[in-house]
Amino acid sequence: MYVPAQFEESDVKAMHALITQRAFGTLVTHGSGGLDANHVPFELCASEDGIGTLQAHVARANPVWQDVEDGDEVMVIFHAGDGYISPNWYPSKHEHHQQVPTWNYVVVHAHGRIRIRDDLKFVRGVVARLTRTHEAHESKPWKMGDAPADYLDEQLQHIVGLEIEITKLAGKRKLGQHKDVRDIKGPAEMLNARGNHQIGDAMLACAAKKDE
């Protein structure tokens with residue numbers, strides 16, 4: 001990924017937070033069948049002696065788990081929003097007309113080594129933790145114990161676990177940081193007005209930091 005210095009996110013804790021908040025990642029593999037991409041919810045497991053691991057599961061019918069081998073290098077892409085920026089949104093454009101369209105976004109690439117975990121105990125744990133995390137805000141959270149045990153066991157047989165040891169994290173926050181504060185705030189306010197608060201608010205935070 002091309003990352004100009006002004007857009008680089010190098011804080012591991014910040015990248016971990018983004019992965020946790022935007023857990024639905026794109027797993028990119030290069031196996032015997034060539035390049036492949038699968039869209040999968042991940043759980044980040046932080047570790048004291050490294051930058052963590054990612055755990056997930058895929059359908060047993062998905063060939064990805066047979067197309068790669070333990071130790072193969074893979075990448076998972078986590079997106080945290082994006083938005084088109086019109087030149088007309090920059091206050092300075094109306095003075096000198098020297099602005100062009102762009103696209104702002106926040107993303108993290110997790111590089112690592114994959115391991116296939118065709119292991120019922122592992123898979124059950126991944127499903128339980130993912131469910132607990134993503135049901136937490138429901139008024140009556142669903143839990144695995146709500147389903148009949150035999151039904152659940154049968155469903156778990158249809159999925160295979162994945163574990164990725166993260167070897168490198170690369171983060172990019174392209175939010176107009178290189179521009180004047182007013183030319184960060186203008187587009188941010190337009191994005192927020194159109195409902196894109198994720199990038200709009202992130203840009204306002206950048207503007208506030210630059211204005212300190």
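This is a predicted model, so every value here is computed, not measured. For the single chain, residues carry numbers from 1 onward in sequence order.
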Roughly how far, to the nearest 0.5 Å, is [atom2] of [Y] from [atom1] of [X]?
X: H30; Y: E73; atom1: NE2; atom2: CD; value: 12.0 Å
X: R22; Y: I77; atom1: CZ; atom2: CD1; value: 14.5 Å
X: E165; Y: R115; atom1: CD; atom2: CZ; value: 10.5 Å
X: E69; Y: S32; atom1: CD; atom2: OG; value: 8.0 Å
X: L162; Y: L27; atom1: CG; atom2: CG; value: 6.5 Å
X: M1; Y: M75; atom1: CE; atom2: CE; value: 8.5 Å

More than 12 heavy atoms of other groups within 6.0 Å of [X] [atom1]:
X: Q6; atom1: CD; answer: yes
X: H137; atom1: NE2; answer: no
X: E135; atom1: CD; answer: yes

K210/D180 ion pair, N-O < 4.0 Å: no
Are the charged groups of R182 and E95 less than 4.0 angstrom apart, N to O? yes
For a quick test of reading the model, state the closest non-hydrogen atom pair linking [X] to [Y] and the distance between them.
X: G52; Y: S47; result: N-OG, 3.4 Å
X: A207; Y: I184; result: CB-CG2, 3.9 Å
X: A56; Y: P41; result: CB-O, 3.4 Å
X: D11; Y: K13; result: OD1-N, 2.8 Å
X: N192; Y: G200; result: OD1-CA, 3.5 Å
X: I159; Y: R60; result: O-NH2, 3.6 Å

Using only atom types and a distance under 3.5 Å, with no angle test, would you say the side chain of [X] pairs donor to acceptor with the backbone of [Y]?
X: T167; Y: H111; answer: yes
X: K174; Y: W103; answer: yes
X: H79; Y: G81; answer: no
X: D67; Y: G33; answer: yes
X: S86; Y: N88; answer: yes
X: E138; Y: H134; answer: no
X: H57; Y: V126; answer: no

Does the side chain of [X] come under 3.5 Å of the side chain of [Y] through a donor N or O and an acceptor N or O?
X: E163; Y: Q55; value: yes
X: K172; Y: Y105; value: yes
X: N104; Y: D82; value: no
X: H158; Y: E154; value: yes
X: Q99; Y: S92; value: yes
X: T26; Y: H39; value: yes

Kindly work out whether a path of hydrophobic side-chain contacts (I/L/V/M/F/W/Y, heavy atoms less than 4.5 Å apart) joins [X] to [Y].
X: V107; Y: I199; value: no
X: V64; Y: V28; value: no
X: L130; Y: I19; value: no
X: L44; Y: V58; value: yes
X: L120; Y: M144; value: yes

Any side-chain heavy-atom pair from [X] and [Y] closer than 4.5 angstrom?
X: L54; Y: I166; result: yes
X: R124; Y: D153; result: yes
X: W65; Y: P63; result: no
X: D183; Y: P91; result: yes
X: V108; Y: L169; result: yes

Can you list the residues that meet the ring-ring contact (aromatic ring centres under 6.0 Å, His included) rule with F42, with sequence neighbours excluded? F78
Determine, step by step, whether K121 and D119 satisfy the salt bridge (charged side-chain N to carboxylate O under 4.0 Å, His left out) criterion, reporting the C-alpha distance in whole Å, the side-chain angles of both residues, the deciding distance to 0.1 Å, and the verdict. CA-CA 6 Å; K121 182 179 179 181; D119 170 345; over 6 Å; no
Given the options D72, T53, I114, I164 meets side chain to side chain contact (heavy atoms under 4.5 Å, CB included) only with I114
Tell me which pairs pass ring-ring contact (aromatic ring centres under 6.0 Å, His included) where either residue lies in residues 165-212, with sequence neighbours left out. F7-H178
